[in-house]
Amino acid sequence: MRVVVDSEKCQGHNRCYALAPEVFDVDDLGFAFAIFDGDLPPELEAGARAALSNCPEYAITIHEDEA
Amino acid sequence: MSSHPPVRDWATDFDHTDPGWVTDPFPIWDELRETCPVAHSDRYGGTWLPVRHEDVAAVAYDTEHFTSRQVIVSEARPGPNDLPAPIGIAPPITSDPPFHALARRLLLPAFAPKPIAALEPSTRELCRELLDATAGKSTFDAAVEYAQEIPVRVIVRMLGFPQEDAPRFRQFIHQIIEAVDVPAEERRELQDQGELGEYFEARINEHLANPQSDLTTFLLEAELDGNKLEPDHVMGTMILLMVAGIDTTWSAIGASIWHLATHPEDRHRLAAEPELLPTAVEEFLRAYAPVTMARMVSQDFEFQGCPMRAGDWMLLPFPAANRDPEVSRMPIGW
């Protein structure tokens, strides 16, 4: 699973960082970015999904691995 | 408390100060969502009410047809002497693009996770003190004695105001947020910022003479395009931080306690599984979202088959949008 934050949509609510700090980090203004460029370790996938469903700006997308 | 006649028909005569709405707005929104998803009322000089998530979001993002110049529906409409968009009286909430993004970005460093985390120990201590003060009481009003005290005291500390002034803030909040159904003239007097303006001006002058490491000094030293902020901008943003910081937070805490008081099964589950708290908080914020903002129609046009006229109010009940079964699972749960 790969996770991407759309920096155009992010408004710095920090919900992803609060819910999954192992997956997301924020800059000094509070804008979020994904820590992993490539695949997430499987144990972090649940946190990424929680962040996706709680982002008020729909700024997070998740790309599932091709089976 | 409303000084208006009772509502007879929520689709054609709604009023968000009616005791029926104040006590339990959820069935009203549920019915409108099925029967009349964009309701209208002649009250307040003409007001629209979308209740579906799709429509509330469409209005919130449509800054071309809707202005944030005035975000609280009341009998007093913006007059020629009010600061016009894009800045408005309390930036950034009363600002339109592109100024809105600049005024908002300015505040973000003060609300990033690190500076907020630094407030956690003192805030927890405050909450424990408030709970200790209820020891020995068999009943007490948790909204008044607990929920309302927390944000007032925290925001007073953040702005660097004297703690003993905290009680005055309740009156300020009442004037701005709650006294919206009074006649226009009375509303204008309340908005005239007499006592409130004088109070903030005194604190600003103190901070100009003696800069502190608090939000007030932060705003006084902030720059936009290399210039210090206009005095009206600083004052408007301080008032916004006070109102938005206090009213939203006490409503959210109060509604969450109310939910737990009326849903013992949820209360027992959280007590037994405290690791569920972060999810529960997200659910409370969704289902009891403490913000219902307004926009004003900025030009005549048709929205969802309804004839919008420039100057009409548009009331945006975010909790109604968050409870739309099209996008959200109901009832609340975790």
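What you see below is based on every heavy atom in this structure, not just the backbone, and it leaves out hydrogens, waters and symmetry mates. If you're wondering where the values come from, they're calculated on a predicted model, not measured in any experiment. In the text below, chain A, chain B and the rest are named by the order of the sequence lines, each starting its count at 1.
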Participant: In residues 28-37 of chain A, which residues are in contact with chain B at a heavy-atom separation under 4.5 Å?
Facilitator: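 Under the 4.5 Å heavy-atom cut-off, A:Asp28, A:Leu29, A:Gly30, A:Phe31 qualify.
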
Participant: I'd like to know which of B:Pro115, B:Pro278, B:Pro113, B:Ala101 tops the heavy-atom pair count under 4.5 Å against chain A.
Facilitator: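 Answer, by heavy-atom pair count under 4.5 Å with chain A: B:Pro113.
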
Participant: Take atom CD in B:Glu273; do more than 12 heavy atoms of anything else shown fall under 6.0 Å from it?
Facilitator: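 More than 12 within 6.0 Å, yes.
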
Participant: What residues of residues 38-50 of chain A sit under 4.5 Å from chain B when only non-hydrogen atoms are counted?
Facilitator: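 Residues of residues 38-50 of chain A touching chain B at under 4.5 Å: none.
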
Participant: Name the region of B:Arg105, side chain, backbone, both or neither, that has any atom closer than 4.5 Å to a heavy atom of chain A.
Facilitator: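 Contact with chain A: backbone and side chain both.
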
Participant: Sort by residue number and list every member of residues 8-18 of chain A having a non-hydrogen atom under 4.5 Å from chain B.
Facilitator: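 Against chain B, the residues of residues 8-18 of chain A that fall inside the cut-off (heavy atoms, under 4.5 Å) are A:Gln11, A:His13, A:Asn14, A:Arg15, A:Tyr17.
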
Participant: Are there more than 12 heavy atoms of other residues, nucleotides or ligands under 6.0 Å from atom CD of B:Glu326?
Facilitator: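 It does not: B:Glu326 CD has 12 such atoms or fewer within range.
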
Participant: Determine which residues belonging to residues 50-65 of chain B lie within contact range of chain A, meaning some heavy atom pair is under 4.5 Å apart, and list them by number or answer 'none'.
Facilitator: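 Those residues of residues 50-65 of chain B which have a heavy atom under 4.5 Å from chain A are B:His53, B:Tyr61.
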
